[in-house]
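One structure is given below, encoded as C-alpha cells.
Heavy atoms only: backbone and side chains are in, while hydrogens, waters and symmetry mates are out.
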Amino acid sequence: MGSFSSKERKRSYDVMASSSSKKSKKSYDVFLSFRGPDVRNHFLGHLYAALDRVGIFTYIDNEELRKGEQISPALTKAIEESRIAIVVFSENYTSSTWCLEEIMKIMECKEKKGLMVHPVFYKVEPREVRGQKQNYGQAMGEHEVKFGKNSEQVKRWKKALYDAGCLSGWHFTDGNEAGFIQHIVQEISTQLDRRPINVAMFPVGIDSRVQELKLILNLQSKDDVLMVGLWGQGGVGKTTFAKAIYNAIFREFQGACFLERIRENSKNSIDLVPLQEKLLSQVLPGKKLIVHSVGGGSQSIQDKLCNKKVLIILDDVDDAFQLNALAGDCKWFGKGSRIIITTRNKHLLTSCGINQGHIYEVTALEDGDALELFRKHAFRGNQEIEISKNLVNQVLCYARGLPLALEVLGAFLCGRREPEWESTLQKLAKSPNKKINDVLKVSYDGLEPYAKEIFLHIACFFKGRSKEYIKKVLDSCEFHTTIGIKILLERCLISEEAKKIQMHDLIQLMGMDIVKDEDRDDPINRSRLWLRDDVLDVLSEDKETKAIKAIVLQLPKPEDMYIGPDAFTKMKNLRLLILFNVNNSIQGPIHLPNGLRWFEWPNCCSTLEFSHGPKKLVGLDMRSSKIKVEPKQFKEFKKLKHINFHKCQSLVCMPNISCTPNLEELDLSECKNLERVHESTGYHENMQLLNLSGCSELHHFPNVLQSKNLRCLYLSYCSKLQRFPDIPDKIKGLRQLILVGTSIEELPASIENLVSLEKAYLDKCKKLAILPSSIYRLNKLQTLNLSGCSKLTKFPKMEEDLSDPHMKTGFSELSRLELGGCNLSEVEFLHNPSCFPKLDSLGVSYCQKLKEIHKILPQLIGLSAKSCKSPSKIASNISHVQHVHLNSCHELVSSGLTMNDLFNPEFRLSNLFNPEHYKYNGSSEFLLPGGEMPRWLRGNEEGEISFIVSKEFFKKFMWLAAYVVFQEDERMENFHLCLHALINGKRRMDYMNTVTSSLWDHVCLQIYEMSWLWEILEDVFGRSQFHLMIRADSDSTVVKECGFRLICKPLENDLKDDQLMDPAILYEIQNEDYRTSRSFLEIKPSQEWMDEFTVEKWRYSLISPDLRIVCPGGEMPKEFVFAKDSTISFMASREFFDKFRGLAFCVVIGVEGGEKEISFDIVPQVHGQRRNVLSGTLGSFDLDHVWIQYLEPNVLWGVLEGGVDFGQFNERYLRFSIKLSVSGGIVKRLGYVLRCTQLEDDLKVMLENNQLVDPAILYEDCDGYPEEIGEEFVRRFAHTHREKQEASESETD
C-alpha cells in the first residue's frame, strides 16, 4: 500500500500539484537600464543622484566595461535581484545589442519573478518603441541585416520592446527636467515604502487565480474606477486570495489599503469609524486623520481620495451599510482606482451595481493543489511517520478542496500516527470539526427563518436533485422556495450545476449537524429524519410526536422494514414523506395524515388510506407501484397538483379527475396496460402537463381537447392511438405537441386552434398521410418535424380564407422544417416565400423521389438533403445558404455541381458587408460528393497551423476556411470532424461537426468566424500563439487531404511586415494581386513559443488520463511481450487491421541520481511514413516506475487521427511501428499487446503463415470481455502489478 511522509518527494499515480515559491531576497531597490551616450551625463546622472539622496539603493551599470554581444552574468544577477527596473528609452537605445539583451531579461523577470518595470520615454514617443518606428525601426533593420530577418534573437528583442512599450510609464519631451525627475523619485519612493502583507503559511494554487483576476481588473485602463467582487463560501480562501492580489498589484497605485474582517469588526454602525480612520491612514501614510462619525468619515474619504489612484480591499463584507460607509461609490476615488470586496453574499455585490463580469467566484482547490496544501500542513518537519495513501485520500475526499478544512485537518493530524488518523476520520463521519463548522455556520446564522428551513431540507434530503423538483416539493410545504433558493445561491450555501442544486460536503454536514443538535440522543425529537437507523428507531417506538416534519429515506437497495398501520398518523406535523427502496414487511393498509403535503413512494406494494375529511396533499408520486385507481379515489384531494403514476402496469383506466381542480401535472408515461383516459382529462382547466408517452395499449383518448392551460402534451409511441382529438376552442397555453411514433392518420382541421403551439413533433408517424392546410394558421409554430412519415406524399399549400380575409396566415415564426424520409416528389409549397418568412433550416434527406429543389428561400441558413439520390438540379442561389449537406447526392455532382457553387469566395466575400445578400452567424459547413479540393484553398498535410500576430492584425481576420477530403466506412452511421482552437496551448473552443457516412469520397468545407473561434482578450496580443488543429476522431474515416485559409480584410503594407505567420495562408478580400502572388510556404511557429507548447503535447493531452497508469515498481506484468530496442513493430493486412481495437504497452523506467522529471516521445510510423507523434511528461520520480498506456490505432497511425488508407500504398501488408524514447530516465524494458476483436480461424492461419504478427501479442476480446472499454482494459493489466507492489511495500513496512 502506498504511503506519505514528510520526507517523501515522489509522486505516484500521476498526482500533480502546484505551489507558490517563496520570493528571494532583493539586493537592489532599483535597476537602471539606459543607452549611455544619450543620457548618462545629464538626465541619468541627475536621476541616479536624486534616487541616492532619498536612500534608494540603485544599480547603475558601468558602460565602459561592456564587451561582446551578451550581457554579463553580474548584470543578469543585478536585474534578478532588483525590486524595480527603470528603463530609459532614448533616441539610440536600440542601436545597442547590450541594451536589447537587457530589456529582454528585464521583461522576462517581470513575467517570471514579479519585477516592477517602469519605462521612461525620454524624447521619444511610446509608439516608436512599440512599433519600432523611426530610429528604432532603422536600428532593428540593421540588426536584421547582421543576424538575419528571421533570427529568433531579433524576434525576441522585438517582442520585448513591444511589451515594454505597452507599459505605463513617464514621458518627457521638453520642459522642467528637474521637476520630472522629482516626480519619478516620489513615485518610486512611495512604491518602495509600501510593503506586502503576509498571505498564508503555504500559498498553494494562488498564482493562476491572481492572473485571472488581473484580467478582470483591467489594470491597463487608466480612466475608469472599477469595483470587483470576490465571492465564495466560507473557508474557501477569499481573504488569502485578496491578500495575494494586493501584493501583486499594490505598487501600481498611489495609495493602497487592506481592511480585514470587516464583518467581525463592525457589529454596529459606530464600529465603522475606526475602520474609516484605518483606511485613510493606510492610503495617506504620515497623516493622522480623526473621524467623528460614520457620515463624516465617508465624506473625508471622498474629499481626500477623489483625485488619488488607490487600491482598496474590503475583506468579509456582509452588509450594504459597511460598503456604503467605506466605498459607497466609484466617484469617491481617482481615475484608475480599483476597489475589491470579498463577501459570501453575491446579492450584496449586485445590489451595489457590480455586474456579473466583475464578480470572481472563488471556488475550492483542484485535486492536485488540495493534496499539496494538505501535505504541507500534515507532513511538516523531519517526522518519520508513514501514513497510507488511502487515509490521505479519505481526508482529501472529506475536505473536497476547501482550504480551511485542509489546513485545520492537516495541522491537527500532523505528527499523529495511522490509528489516530483512522479515529479522527470516524469521528468526522459522525460530527464535523468545530473550528471548520463555526466558520461555515456564519452564513447559515445570517438567514431568515424560512430560508433556514429550505437550506436544512436541501442539506438533509435534496442535494444533487433538480432545481425544478426541489421547488415542487418545497412549494407544496408552503415555503417561499424561489426567493429562498436565490438567497442560498447568493450566500454560496448551495450552487446550481446543470439545473441541479449542489452543496459542498462540509456545508451539507454543517446543515445535518444543526438538525442532529435538536436532540443528540433521541431522533424522535428532531425535525428531519434521513438515516436508516434513525427512521427504524422512530418507527419501532410507535410513539406520538410533534417534532418530525419530514422523512426522506433513500436506501441503496430494496429492504423490508416494519411500518405499523398508524406509524405516520402519530407524527402530527409530518409534511413530507419520501421512501425509496422500502418494502413494508407486514400486509395491510398504511394510514397517512391528512396534513401530509408531499408523498413519494416508488414501487409501493401497500394500500394507502387517509382519514376522512379534506386532504392537504399537493404531490403524489407512486411510480412503478402496483396500484389500481378507484373511480372516486381523488374525491377529497382538492389541493393535489402533481400525480406521477409512471410505469404503473396495473393501471388500465384513468378515472375522472374533475374532483382535483388544482391538478397541474399528470404523468402516466409507460403504463403499458393503460387503455383509456377519462374524458375529463381533455376538459381540465388547470392541467399544464399531460404525459402519456409509451402507453402502447392506449386507444381511447378524449375526443375533444379543451384544457385551456395545457402547455405540453406528450403522446409519443402510443402506437395504437389512431385519432387526434378535435380542438373546438382556442387553446393559448399549449407550447409542445409530441406525437412521435403514433398511428394517427391525419390531423384535424381544428389543429389551427393551438394558437400558441411552438414545437410539433410528428416524426415516425408512418400512417400519417394528410396534413390540413389549416396548419398555416399556426402563426407561432417554430419547429415542425415530419421526418419518417413515409405515407406523406405532399405538403399542403396555403389556402386563402375567403370568409375572413384579414386573418393572419402562414408560418410567420417557423424556423425549422424537417421532412426527411417523407415520400415527397416536389417542394412546391416553398414557392410562396411569404408563408415561410423565418424558415432558416430545411431537411429533405432520404426523400428518394425528390427530383429537384428549384426554390431556395433567401433567408435559408441550413439545407440537409443527404442521400437524395434522384435530384439532378438545385436552385442557383444555393450559394447563399450557410450550411449545405448534400452527402451521396451523386446526380447533382454528375450534373456539374461543385464546391465553388456552394461556397463561392468571390460572391461571399464581395457581399460580406451587405446583410441583404448574406447572413452569417458563427460557422458554416458544406458537404458534397467528390474528392476535388476548392482551388482557392491551400493544402496542409499536418492538419494544423500556428501564428503570432498583433492585435491590429488580428482585427483584420474574418474567417477561417478548413476543408477535409475523406472516405468513411458505410457501417458507421456518422462520424465527427473536430476543430480545436487554442491560445498558448490552452483550449478556447472545440467545434464538432457530425458528418453522415459514405463509401464515396466527399469534401467537407467548414467556415468559421474568427471572433467565434477565440474569445479575444486584451492582453494576449504581442506575446501569444494562436493555434488551430483539425482531427477526424474516427478510426473508420480515411482522410485523404486537408487544408486551411485565413480570410481577411485588405492589409496595409506596414501591417504585413513583422507578423509571425506564413503569408501564404492569407486570403485578402478585394485584392486580386496579393491573393495570387503568394507562394505556399511551410508553416512553422516560432521556436520560443514551441518550447512551451507543441502539437505533440497537445495531442497527448486529448487522450483520457484513465488510459494510463503510472506507479512505482520495476517489474513488467507477464501479459506483455518484450520489444527490442524500445521499438514496437508488426505487419498487418487490411483484414487484420479492421479487427485491431487498440495497443497497450508497458514501460519499466529506470531513474538514477535522485529525483528526475520524466518526459517521453512516441513516434509512430506506417510503412516508413511518420504519423501522429505524442509527447508528454509522467511526473518527477526518484525511483523506478512502471508506465502502462493504452492507445487506439487511429490516434497513432491515422491521418488526422482518422483511419489508415491501405489504398495509399500498393502493398497488401503494411508495417506499423512505434519508437519510444524517454528523457530523465532510461527504458529498462518495453512490452506490448495488441487488442483485437475475436479473429476467424482462416485469418489466424493467414497471420501465422505470413509471419505477420507474433501470436503471443494478440489479445482477443472474448470470453467475458467483449464490450470492455479501453480504461477497463488497461486497468485490468495494471491490477496484478499493483497488488504485487503493495504486497512488497507491506512486507517492507
Student check: side-chain heavy atoms of [X] and [Y] closer than 4.5 Å:
X    : Y    : result
I524 : D537 : no
V552 : C460 : no
L391 : E418 : yes
I501 : L488 : no
L413 : E420 : no
Q508 : M512 : yes
M503 : I458 : yes
V538 : D534 : no

Determine the minimum heavy-atom distance between [X] and [Y], stating which atoms define it.
X    : Y    : answer
N433 : I436 : OD1-N, 3.1 Å
F462 : I470 : O-CD1, 3.6 Å
A370 : G401 : CB-CA, 4.1 Å
V210 : A248 : CG1-CB, 3.8 Å
R261 : D316 : CA-CB, 4.3 Å
H457 : A550 : NE2-CB, 4.0 Å

For this session: Could you please spell out the steps behind the side-chain contact (heavy atoms from CB on, under 4.5 Å) verdict for F461 and L576?
Result: CA-CA 11 Å; F461 306 140; L576 173 62; 4.2 Å; yes
Among residues at least two apart in sequence or on other chains, which ones pass side-chain hydrogen bond (donor to acceptor under 3.5 Å, both in side chains) with [X]?
X    : answer
K441 : D445
T239 : D315
K471 : D475

Spacing of [atom1] belonging to [X] relative to [atom2] belonging to [Y], to within rounding of 0.5 Å:
X    : Y    : atom1 : atom2 : answer
I341 : L314 : CD1   : CG    : 6.0 Å
R209 : L230 : CZ    : CG    : 10.5 Å
T240 : F202 : OG1   : CZ    : 13.0 Å
L326 : L279 : CG    : CG    : 6.5 Å
R416 : W421 : CZ    : CH2   : 11.0 Å
C330 : R338 : SG    : CZ    : 9.5 Å

Exercise. Do the charged groups of E361 and K346 touch, with an N to O distance under 4.0 Å?
Worked result: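 Judged by the 4.0 Å cut-off on N to carboxylate O distance, E361 and K346 do not form a salt bridge.
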Exercise. Do F241 and Y360 have ring centres separated by under 6.0 Å?
Worked result: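 Yes, ring centres under 6.0 Å apart.
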What residues, two or more places apart in sequence or in another chain, satisfy side-chain contact (heavy atoms from CB on, under 4.5 Å) together with [X]?
X    : result
D513 : S431, P432, N437, R520
K434 : D438
S423 : none
D621 : E600, R623, N644

For this session: Please lay out, stage by stage, how L428 and L409 fare under the test side-chain contact (heavy atoms from CB on, under 4.5 Å).
Result: CA-CA 10 Å; L428 290 174; L409 294 177; 3.9 Å; yes
Indicate yes or no for a side-chain donor-acceptor contact from [X] to the backbone of [Y] under 3.5 Å, with no hydrogens or angles considered.
X    : Y    : result
H504 : R400 : yes
T343 : V317 : yes
R526 : D519 : yes
T342 : K238 : no
D522 : N525 : no
N247 : I197 : yes

Exercise. Any idea how W598 and H642 line up, ring-wise: parallel (<30°), tilted (30 to 60°), or perpendicular (>60°)?
Worked result: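 Geometry flag for H642 against W598: tilted rings.
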For this session: Could you label the plane-to-plane angle of the Y246 and F250 rings as parallel, tilted or perpendicular, counting under 30° as parallel and over 60° as perpendicular?
Result: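 It falls in the parallel class, under 30°.
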Residues 446-456, side-chain donor-acceptor partners within the protein, below 3.5 Å, at least two apart:
from : atom 1 : to   : atom 2 : distance (Å)
E453 : OE1    : R528 : NH2    : 2.8

Would you please name every residue forming a salt bridge (charged side-chain N to carboxylate O under 4.0 Å, His left out) with [X], sequence neighbours left out?
X    : value
K467 : E496
R597 : E478
E518 : none
K463 : D505

Neighbour count above 12 (heavy atom, 6.0 Å) for [X] [atom1]:
X    : atom1 : answer
K472 : NZ    : yes
E665 : CD    : yes
K435 : NZ    : no
K546 : NZ    : no

Exercise. Are F321 and L272 close enough, and set up right, to give a side-chain contact (heavy atoms from CB on, under 4.5 Å), and what steps lead you there?
Worked result: CA-CA 9 Å; F321 80 85; L272 289 167; 3.4 Å; yes
Problem set entry | Chi angles and distances behind the side-chain contact (heavy atoms from CB on, under 4.5 Å) call for L529, V515 | CA-CA 9 Å; L529 301 178; V515 175; over 6 Å; no
Problem set entry | With L402, the side chain to side chain contact (heavy atoms under 4.5 Å, CB included) member among V439, V408, T363, L440 |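 In the set V439, V408, T363, L440, the residue that makes a side chain to side chain contact (heavy atoms under 4.5 Å, CB included) with L402 is L440.
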Exercise. Which residue, D318, D319, N324, forms the side chain to side chain donor-acceptor pair (under 3.5 Å) with Q322?
Worked result: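 That would be D318; it is the only one of D318, D319, N324 passing the side chain to side chain donor-acceptor pair (under 3.5 Å) with Q322.
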